[in-house]
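Lettering follows sequence order; numbering is per chain, from 1. Just the heavy atoms: all of them, side chains too, but no hydrogens, waters or symmetry mates, feed the values below.
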Amino acid sequence: MTSSPSLGELRELLREFVNEPRAKKLPNNTPNMEGLWALLIDNRLGNLLCENDQLFARQTAYKQAIWSVNAPALSTIFLLAPRFEENFIPYIFIKGPLMLHELYDDYFFRGATDVDVLVASRDFFRADTVLTEAGFTLEPGCESAYWRIFLGEQHYSPPTEELTTVDLHKYVRHPSGRAAQSMEKFLARTLRQSIGGNSAAVPTQINLALLLVMYLLKGIMKYESVGYFLLDLAILLTRMEEEALRQLIVEAEEQRLTIALCLSLRAVRMIAPLSPMLEEELKRRRSTFVSEEDLFRQLVLPGQARNWPRLKTIIKTCDHANDLFQALAWEVGRKIAQRAYHARWF
Amino acid sequence: MGMSDQPDIASQDIFLETLVVSEHAIASEFGNGVSIMNLETSAYYRLEGVAWFVWLELTQGHIFDDRPIFEGLSADIQDAYRVSADVSRRDVGSVLRDLLRAGLITVRGR
């Protein structure tokens, strides 16, 4: 069991990193170094620490592992971005090394095991063609209706080991159910990030913040350690101008993600101060169904946090009663479809 | 790319501002070296020791007091590794040629 000091130390490290985004030096005789390292690794935050005598071999292995997955991811992005554009397919690369470079100026800040790309539903088939013509092959099982309709994603294996798996998405998934309309907004405005003389489309700051909110919520519901997404959101929010933050609040409301945003902001507040505007928003949407300490523990140490029943989480994070009905219907449908898929009905 | 396409690092006065890291080169430092990938060719390289030293000097904007880069690097290697001028010149020449051949650095204007 990870001790409370490790949790406190992690929180302090995260705070320091948000304040000054540079790897932190810990003395070699830091107590409970092993517990802290384990917690960092679980939360994909190993690069928060400078190289350290006690951990050097493991840090080297950690960075080597990141290199071995992120380098093929970058090659894959470099290959595919121009091909989507040649075929006039609007797309964005989400998560992955491009996001890491944007937030941390480091493509290798943490591992990205595959390349996630979002396209519109109407372009899904054409994007599939682009990938197969580039030599990627659809993984077995993905062709099922369950994957295509309910999950809205397809996984493609690379043709060579210099490339990596591509996850093609057509939904931006609110954990309470897909949000088809809002997905279009993620593609309507994008940023360009240069990579090796080409450029690739990535989400705007506002859309990236909303995606991170959804990733955090998904992490809670799946009992996964997502301290890395918490740090991502904290770093992003410190960079956003007041007008962008104002727009973020507006967009969250339009996409029915206000409660989810406020939950995420409360978590961010554990490691970084919020702007007065965001604090004001939190005051307006007062939520007490979980304390911030419990929320932080849930995000970084879910195995030792209290139980968050999935349905209760959905209910507590839906903005409107209409969404709640849709969310519950989707959840029931998803469970039925999942069982049918595993029973090979389709 | 044939050897005749490569500039003669030792004989020409190539200065730091003309020797640039390729836009296709993406690097990550860990362990006692740096791993670099060439996005265009999908080739991977690992630099350690003298090669890493040279890469750091090239990428961190080290100033060589108006000396040609080859001379500047050779002098720095000589100091850092306490080797003879001949050894340092040979090693630096070898590293720079390899980096050029791999497309990780280019001479501006070529």
Side-chain angles (χ1 to χ4, degrees), chain A residues 22-23 46-47 49-53 55-82 93 96-98 100-101 104-112 115 134-135 158-164 193-200, chain B residues 1 5-7 14 16-62 80-81 95-110:
Chain A
R22 280 195 318 189
N47 280 328
L49 292 183
C50 283
E51 285 179 350
N52 169 291
D53 288 346
L55 300 171
F56 183 75
R58 282 176 282 179
Q59 286 173 312
T60 299
Y62 179 76
K63 292 182 184 193
Q64 192 159 10
I66 293 174
W67 168 263
S68 71
V69 294
N70 287 24
L74 286 164
S75 288
T76 303
I77 292 168
F78 185 73
L79 171 74
L80 293 178
F93 288 105
L98 294 186
L100 298 177
H101 190 256
Y104 305 102
D105 199 26
D106 182 1
Y107 291 113
F108 304 95
F109 186 70
R110 64 172 180 265
V115 168
T160 66
E161 61 184 16
E162 284 80 22
L163 303 172
T164 193
Q193 198 179 114
S194 65
I195 170 171
N198 289 343
S199 69
Chain B
M1 193 184 302
D5 295 336
Q6 300 297 329
I14 295 178
L16 182 61
E17 62 270 18
T18 65
L19 202 64
V20 295
V21 173
S22 166
E23 62 185 359
H24 295 119
I26 293 185
S28 177
E29 286 185 34
F30 55 88
N32 293 312
V34 60
S35 292
I36 312 174
M37 66 180 296
N38 184 324
L39 272 176
E40 203 172 32
T41 63
S42 292
Y44 293 56
Y45 303 90
R46 177 74 182 167
L47 307 184
E48 294 176 353
V50 169
W52 184 26
F53 186 97
V54 169
W55 178 262
L56 285 175
E57 298 240 303
L58 291 175
T59 55
Q60 291 176 1
H62 187 91
Y81 287 85
V95 169
L96 289 179
R97 276 189 287 273
D98 286 346
L99 291 176
L100 279 165
R101 192 179 296 123
L104 299 179
I105 60 174
T106 59
V107 179
R108 204 194 299 273
R110 285 174 184 264

Minimum heavy-atom separation for B:A27 to A:F108, with atom names? O-CE1, 3.7 Å
Can you list the residues of residues 62-70 of chain A that sit under 4.5 Å from chain B, counting heavy atoms only? A:K63, A:Q64, A:W67
For A:I77, is it the side chain, the backbone, both or neither that has a heavy atom under 4.5 Å from a heavy atom of chain B? neither
What part of A:E51 is in contact with chain B, defined as an atom under 4.5 angstrom from a non-hydrogen atom: side chain, backbone, both or neither? side chain
For residues 37-46 of chain B against chain A, heavy atoms under 4.5 Å, the residues are B:M37, B:L39, B:E40, B:S42, B:Y44
Are B:N32 and A:F56 side-chain neighbours, meaning at least one heavy-atom pair lies under 4.5 Å? yes
CG on A:L74 to NE2 on B:H24, rounded to 0.5 Å: 13.0 Å
